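Only one structure is covered here, and it is reproduced in the block below.
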Amino acid sequence: MSIISIILVLIIAFFAGLEGILDQFQLHQPIISCTLIGLVTGHLTAGIILGGTIQMMALGWANIGAAVAPDAALAGVAAAIIMVQSGNFDTKGITVAFSTAIPLSVAGLFLTMIVRTISVGLVHGADAEAQKGNFAGLELFHFIALFLQGIRIVIPALALILVPTQSVQDALNAMPAWLTDGMAIGGGMVVAVGYALVINMMASREVWPFFAIGFALAAVTNLTLIALGAIGVSLALIYINLSKMGGNGNGSGGNAGSKDPIGDILNEY
């Protein structure tokens with residue numbers, strides 16, 4: 001990578017680390033970070049494919065109680081850098097880079113633990129400044145904490161960039177076929193599990209027919225993702241309009257006032 005590309009990648013990594021906490025512009029999501037890194041390094045298509053694949057896996061990542069989810073920001077940024085360093089942007093190269101995202105995301109938890117441990121001391125410092133009424137000092141502690149979140153991704157990203165490209169290529173080429181194939185299969189299973197978790201959270205009696213229609217159209221037709229997206233948006237608009245028009249208790253029975261005409265229809269079955 002050129003010096004300009006390296007600087008831009010590190011900037012993307014920094015903001016991805018910030019967004020892991022701020023969660024305002026979703027820059028930490030792999031579909032965004034990988035796409036941006038692919039753009040600044042001249043490999044936009046490969047970046048989009050890699051980001052979309054990792055994003056499918058990360059759909060099921062969520063912090064639940066004291067259990068911290070794998071680091072999606074580091075997974076996307078590190079996998080994209082490995083792909084660029086490998087110089088292989090075909091299906092095999094993207095698969096290998098995607099497979100490395102899983103262990104890297106788990107390793108990112110260690111960096112998260114370090115930063116959050118340091119943040120405990122920063123919180124006490126901010127409390128002391130608040131008691132003094134020093135708002136400038138209070139803001140400083142907040143900015144320091146945010147800076148550490150960005151550096152949490154920048155440091156491993158820089159370490160991967162500093163690894164010679166030839167060394168990365170030799171290491172990837174030395175991997176046996178059984179290992180790369182196994183990583184690809186395992187990664188695909190994780191993607192399926194992540195998507196299943198999302199469906200489990202979203203699915204209800206009213207939306208299951210739309211899932212069925214989408215999977216059927218994807219399986220039996222040659223429609224592109226754009227066409228499937230257009231069909232999905234159209235179905236959503238139809239559903240919204242039907243919800244506004246019906247279900248206001250005009251009929252009789254126990255379903256009056258449900259305000260869900262499709263739900264009322266399904267209840268009759």
Side-chain angles (χ1 to χ4, degrees), residues 1-41 43 47 50-51 54-55 57-58 61-63 66-86 97-98 100-130 134-165 167-168:
M1 287 188 285
S2 65
I3 298 298
I4 296 177
S5 295
I6 292 175
I7 294 174
L8 292 175
V9 168
L10 293 179
I11 292 174
I12 295 171
F14 181 78
F15 281 102
L18 294 183
E19 279 297 293
I21 298 298
L22 298 177
D23 202 18
Q24 293 293 317
F25 303 102
Q26 303 299 315
L27 296 179
H28 65 294
Q29 299 292 350
I31 185 63
I32 304 297
S33 59
C34 290
T35 299
L36 292 176
I37 292 177
L39 176 63
V40 300
T41 57
H43 307 287
L50 176 63
I54 300 176
Q55 188 67 53
M57 175 180 64
W61 292 353
N63 297 330
V68 181
D71 194 342
L74 182 59
V77 170
I81 293 174
I82 291 175
M83 180 188 68
V84 173
Q85 290 287 79
S86 69
F98 161 71
T100 61
I102 302 174
L104 288 172
S105 63
V106 176
L109 294 177
F110 176 71
L111 297 175
T112 300
M113 179 182 65
I114 294 177
V115 172
R116 293 190 178 186
T117 302
I118 297 174
S119 297
V120 173
L122 295 176
V123 169
H124 292 304
D127 288 339
E129 296 299 326
N134 184 4
F135 292 103
L138 182 62
E139 291 179 350
L140 178 61
F141 278 103
H142 280 81
F143 285 126
I144 292 174
L146 286 175
F147 179 78
L148 290 177
Q149 292 293 340
I151 292 298
R152 174 177 61 87
I153 306 299
V154 170
I155 291 177
L158 181 60
L160 290 173
I161 291 174
L162 294 179
V163 176
T165 302
S167 299
V168 176

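Just so it is clear, the model here is predicted, and its values are computed rather than measured.
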Could you pull out all residues at least two apart from Thr117 that satisfy side-chain contact (heavy atoms from CB on, under 4.5 Å)? Met113
Student check: side-chain heavy atoms of Leu27 and Leu18 closer than 4.5 Å: no
Test item: Ile54 and Cys34 side chains (from C-beta on) under 4.5 Å apart, heavy atoms: yes
Interatomic distance, CD1@Ile31 vs CG@Leu36, rounded to 0.5 Å, equals 10.0 Å
Gap separating the CD atom of Glu139 from the CG atom of Asn134, nearest 0.5 angstrom: 9.5 Å
When rounded to the nearest 0.5 angstrom, what is the spacing between CD1 in Ile7 and CD1 in Ile12? 12.0 Å
For the backbone of Gly76 and the side chain of Ser33, can you confirm whether one donor and one acceptor N or O come within less than 3.5 Å of each other? no
How would you list, by chain and number, every residue that makes a side-chain contact (heavy atoms from CB on, under 4.5 Å) with Leu39, sequence neighbours excluded? Leu44
Could you give me the CA-CA distance, side-chain angles and deciding distance for Leu10 and Ile161, then say whether side-chain contact (heavy atoms from CB on, under 4.5 Å) is met? CA-CA 9 Å; Leu10 293 179; Ile161 291 174; 4.0 Å; yes
Closest approach of Met83 to Ala97 (non-hydrogen atoms, all atoms of both residues): CB-CB, 3.7 Å
Do Ile81 and Val9 touch side chain to side chain, with heavy atoms closer than 4.5 Å? yes
Donor + acceptor pair across side chains of Glu19, Gln26 (<3.5 Å): no
Counting only heavy atoms not in Ile3 (residues, nucleotides, ligands), do more than 12 fall under 6.0 Å from its CD1? no
Do Ile11 and Phe15 touch side chain to side chain, with heavy atoms closer than 4.5 Å? yes
Within the 4.5 Å heavy-atom criterion, are Ser2 and Ile6 side-chain neighbours or not? no
Would you compute the distance between atom CD of Gln85 and atom CG of Leu162 and round it to the nearest 0.5 angstrom? 9.0 Å
In a table with atom names and distances, give each donor-acceptor pair under 3.5 Å that connects a side chain of residues 146-158 to protein atoms at least two apart or in another chain.
from	atom 1	to	atom 2	distance (Å)
Gln149	OE1	Arg152	NE	3.1
Gln149	OE1	Arg152	NH2	3.4
Arg152	NH1	Asp71	OD2	2.2
Arg152	NH1	Thr112	OG1	3.4

Would you name the heavy atoms of His28 and Ala16 that are closest together and state the gap between them? CB-O, 3.2 Å
Contact summary for Val163 and Ala159, nearest pair of heavy atoms: CG2-O, 3.2 Å
If you round to the nearest 0.5 Å, how far is CD of Gln24 from CG of Leu22? 6.5 Å
If only atom types and distance count, is the side chain of Gln29 paired as donor or acceptor with the main-chain N or O of Gln55 below 3.5 Å? no
